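Scroll down for the structure; my scribbles are underneath it.
Read the numbers this way: they start at 1 and go in the same order the structure lists the ligands and their atoms. As the structure is a prediction and not an experimental result, all values here were calculated from the model.
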Amino acid sequence: MKALSLHITGIVQGVGFRPFVYNLAGELGLNGWVLNASDGVYTVVEGDPATVDAFPQAVRDRAPAMAVVESITAEEIEPEGFREFSIRASRAQDGAMTLVSPDIATCPECAAELFDPADRRYRYPFINCTNCGPRFTIIGDVPYDRPMTSMRDFPMCPECAEEYGDPRDRRFHAQPDACFICGPRLYLNDDGVPDDWRWAADRDCSPRAHRDRDAEAARSDAIVEHAAVLLDGGRILAIKGLGGFHLACDALNPEAVTRLRERKHRWGKPLAIMVPDIETARAYCEVGAEEEGLLSGAVRPIVLLRRRETSDAHEGMASPVAGTPDVREGAAEGSAASYAGGEDAEIRDERIAASRAPAEDCPSAGPLGSPPELAPGVAGNLAEIGVMLPYTPLHHLLLAAVSSRPLVMTSGNLSNEPIATDNTEALDRLGSIADAFLLHDRAILSRYDDSVVRVVDGIVEPVRRSRGYAPFPLPLPFETDTDILAAGPEQKSTFTLLTGGYAFVSQHIGDLENAETLNSFEATEKLYERLFRITPEVVAHDLHPEYLSTKWALRLDLPKIGVQHHHAHIVSVTAENGVSDRVAGIAFDGTGYGEDGRIWGGEVLLADWSDYERFAHLAYVPMPGGAGAIKRPARMALGTLYALGLVDHPGAAPLRSRLAEGEEATLLRMVDRGVNCPLTSSMGRLFDTVAALVGIADDAQYEGEAAILLEAAADSGADGAYEFALLAPGDSPLADEAVPFTIDPTPVLTALLDDIAAGIPTGVLSIRFHRAVVACIVRVGMVATKRAGTHHVALAGGVFMNRIVFGGAVRELRAAGLIPLNHVRLPANDGAVSYGQAVVAWARRHGI
Ligand SMILES: [Zn+2]
Ligand SMILES: [Zn+2]
Ligand SMILES: [Zn+2]
């Protein structure tokens with residue numbers, strides 16, 4: 001007889017870990033107990049010595065799919081002679097930290113039960129189990145137990161309680177476990193619906209009384225059907241999800257999509273769509289193996305996919321509305337609006353019948369010709385489209401109810417505001433956008449957008465890190481004994497908290513440009529401190545004095561460490577890769593406050609974690625009108641040509657002819673006098689300039705739009721490349737005397753203007769410019785690595801969201817014998833800056 005006491009840390013709560021330990025012990029004939037504590041899972045096993053010794057390894061090898069075992073500490077203790085293995089009550093401890101699982105997409109078992117008429121949760125919109133469902137979004141505090149979650153309002157019915165208490169059941173201790181009788185329910189606020197459907201702030205009281213199963217199921221089905229009819233009719237629906245609201249409409253209906261954009265004041269940016277399955281995604285887009293795994297996995301982010309040409313989209317593709325050919329014809333004409341009102345009863349019945357089962361189970365599913373075209377307003381002419389698969393039971397039900405038609409599913413907010421989470425808040429804030437509201441009464445305790453990822457040359461590139469990823473921390477390449485907070489920049493805001501061996505990088509919070517977003521930022525930061533028992537002792541911040549995050553950090557009663565924006569970008573990459581030595585860092589983005597008060601963004605830094613040297617930068621040019629130049633690339637282009645002495649080149653004539661009456665004279669006067677003309681070394685602005693010169697975008701709806709359109713236009717089959725010059729101090733008036741090299745865009749722009757004057761097609765101009773940027777990265781990378789005595793070139797900043805630049809730079813740096821470093825878990829854009837700030841603060845504080 002031998003006994004071991006184990007302490008297991010990592011993501012071991014909310015992922016079916018205790019039942020797993022219970023069953024494993026039972027299988028091996030061991031007795032003892034297991035419990036959840038604030039700092040992980042504790043278990044004692046006793047029995048045959050060899051079996052007991054093998055137990056820790058068995059825990060590691062066979063842990064549940066969603067668990068992440070970080071460490072197991074085992075200690076031999078005196079056997080107590082337990083007669084069974086039991087699950088003990090959870091234990092809360094002060095100051096202890098445990099990890100919290102992100103929310104998990106509906107698992108295949110639950111999806112099967114959802115569409116199984118014999119199951120008691122048949123069509124229950126909140127079905128879940130120990131392997132799936134909400135987690136982070138319903139947790140108010142740890143340990144992760146029902147009373148600490150927003151499920152505390154729903155006392156379990158006897159059947160649910162039995163499952164919850166039965167270690168052999170796959171819902172054993174699944175905190176969000178519920179059913180029609182006892183659990184959360186749908187509400188639908190629309191004109192003329194039964195009073196019983198409508199949600200009102202004062203109508204529900206907790207704890208919630210149990211309900212009649214059949215009546216409840218009928219009510220729920222009727223609500224889902226009504227929601228589907230609204231979507232079919234081209235209406236816009238606000239739908240409450242896991243971490244906030246979506247605004248949804250029929251992605252095949254051009255009028256509906258346009259209306260959604262108008263009401264949301266969202267122009268230019270593409271809208272994400274939700275499709276029922278991989279086959280449908282494939283009908284519209286190229287889906288590689290890596291992308292398929294992301295789309296259908298446990299996280300289910302929005303995956304940016306390359307669109308297929310519509311003409312060849314039919315080969316071997318299942319129609320998105322397979323199994324309902326009558327409806328498919330209607331949809332193919334883009335006439336989904338015709339369902340509004342007098343729908344043919346027979347079609348209607350068929351459609352409802354079809355909606356009772358997932359599309360892939362329909363016997364008639366199969367190649368049925370090309371899919372109905374997406375409304376042009378979904379993603380315009382962009383080469384990529386954001387696609388996701390259903391990740392909650394409600395999504396599965398809704399997509400089935402709209403005959404598996406793709407739905408636009410975009411964040412439920414007005415532009416620039418955080419996504420709405422609360423019913424009352426949504427009814428108020430989204431009332432001017434949505435025609436109706438599909439609500440539920442399970443409170444969202446943490447705001448959470450959809451995550452966005454893409455795959456570039458086989459590398460998974462995060463674009464927005466949120467649902468399914470946060471709040472899982474990044475491992476730190478060091479241990480910190482000081483808790484550190486970093487407030488992040490302004491765009492794509494995140495904060496980071498360092499404690500022990502972990503970096504908690506928050507979910508994407510949005511652009512910190514208004515009080516609503518700042519409130520959300522503050523609330524989320526407090527939540528992380530509470531959940532993970534973190535007490536910051538120092539705060540890092542951006543150098544920009546006007547950023548709300550900087551002002552917020554400066555108000556805290558903590559020692560402060562200011563970190564330059566591009567230094568933070570580079571350190572974010574090197575720390576993710578565990579490289580602490582000095583590297584050559586290439587930080588190309590739109591905007592970052594420089595040490596000289598200018599706007600940096602085309603930076604080559606020799607950087608380690610605590611310090612950096614500015615080695616090279618793109619030549620300074622004026623931004624006429626400051627931020628106004630970001631909204632109007634044509635201005636940026638004119639100012640740049642003027643500063644470089646190229647404004648009279650014949651290739652500039654088309655741009656100048658498109659400027660408004662008197663605009664040129666005003667702009668040039670501003671540049672001459674230096675009035676409201678900050679100087680910038682931004683690579684993002686150079687992309688804007690080129691996009692305007694080639695006639696793709698004189699104006700931009702959002703920062704980066706012109707560059708995205710320029711990338712989309714590139715003709716990769718064309719030959720040729722432009723070339724930047726590298727200037728040393730004294731080489732030309734353009735050279736910065738304070739840095740070893742200045743990257744001069746004059747030869748690039750001269751050749752571009754020559755090509756424009758010669759009538760070369762836009763796609764050729766675009767690819768030649770992209771190749772110049774890649775070649776510049778390799779060339780300056782060679783010189784900088786030599787100077788720094790390294791082979792590492794870190795690539796960071798929003799410009800590396802560009803597939804041609806990122807893919808090309810990685811390939812060609814390798815070909816040149818260098819080692820490119822890129823982000824792994826964090827996005828290349830400003831979403832990664834807070835993590836870099838935190839590491840710099842740690843390094844400076846520890847004199848590294
Ligand atoms: Zn499940
Ligand atoms: Zn129940
Ligand atoms: Zn940046």
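Here Glu703 pairs with Arg685 in a salt bridge; the nearest charged N to carboxylate O distance falls below 4.0 Å. For the pair Arg213 and Glu159, the salt-bridge criterion is not met [side-chain N within less than 4.0 Å of a carboxylate O]. For the pair Asp596 and Arg614, the salt-bridge criterion is met [side-chain N within less than 4.0 Å of a carboxylate O]. Looking at Arg121 and Asp177, a side-chain N of the basic residue comes within less than 4.0 Å of a carboxylate O on the acidic one, giving a salt bridge.
The aromatic rings of His173 and Tyr164 lie parallel to each other, with less than 30° between the two planes, well short of the 60° mark.
Note that CZ of Phe172 is 8.5 Å distant from CG of Asn23, once rounded to the nearest 0.5 Å. Residue Glu603 holds its CD atom at 4.0 Å from OG of Ser681, rounded to the nearest 0.5 Å.
Protein atoms that are N, O or S and lie under 2.8 Å from the Zn ion (ligand 3) are these: His565 NE2, His569 NE2, Asp589 OD2, Asp830 OD1. If you look at the Zn ion (ligand 1), the protein N, O or S atoms less than 2.8 Å from it are Cys107 SG, Cys110 SG, Cys129 SG, Cys132 SG.
Protein nitrogen, oxygen and sulfur atoms, that is N, O or S, within less than 2.8 Å of the Zn ion (ligand 2) amount to 4.
Under the 4.5 Å side-chain criterion, counting only non-hydrogen atoms from C-beta, Leu686 is in contact with Leu618.
Taking the ring centre of Tyr187 as origin, the terminal cationic atom of Arg219 falls inside the region bounded by 6.0 Å and 45° from the ring axis. Both tests do not hold together for Arg825 against Tyr835: distance to the six-membered ring centre under 6.0 Å, angle to the ring axis within 45°.
No more than 12 heavy-atom neighbours from other residues, nucleotides or ligands sit within 6.0 angstrom of OH on Tyr22.
For the residue pair Thr392/His395, the side-chain donor-acceptor check at 3.5 Å is satisfied.
Evaluation of the salt bridge (charged side-chain N to carboxylate O under 4.0 Å, His left out) test over residues 103-113, restricted to residues two or more places apart or in two chains, returns Glu113-Arg170, Glu113-Arg171.
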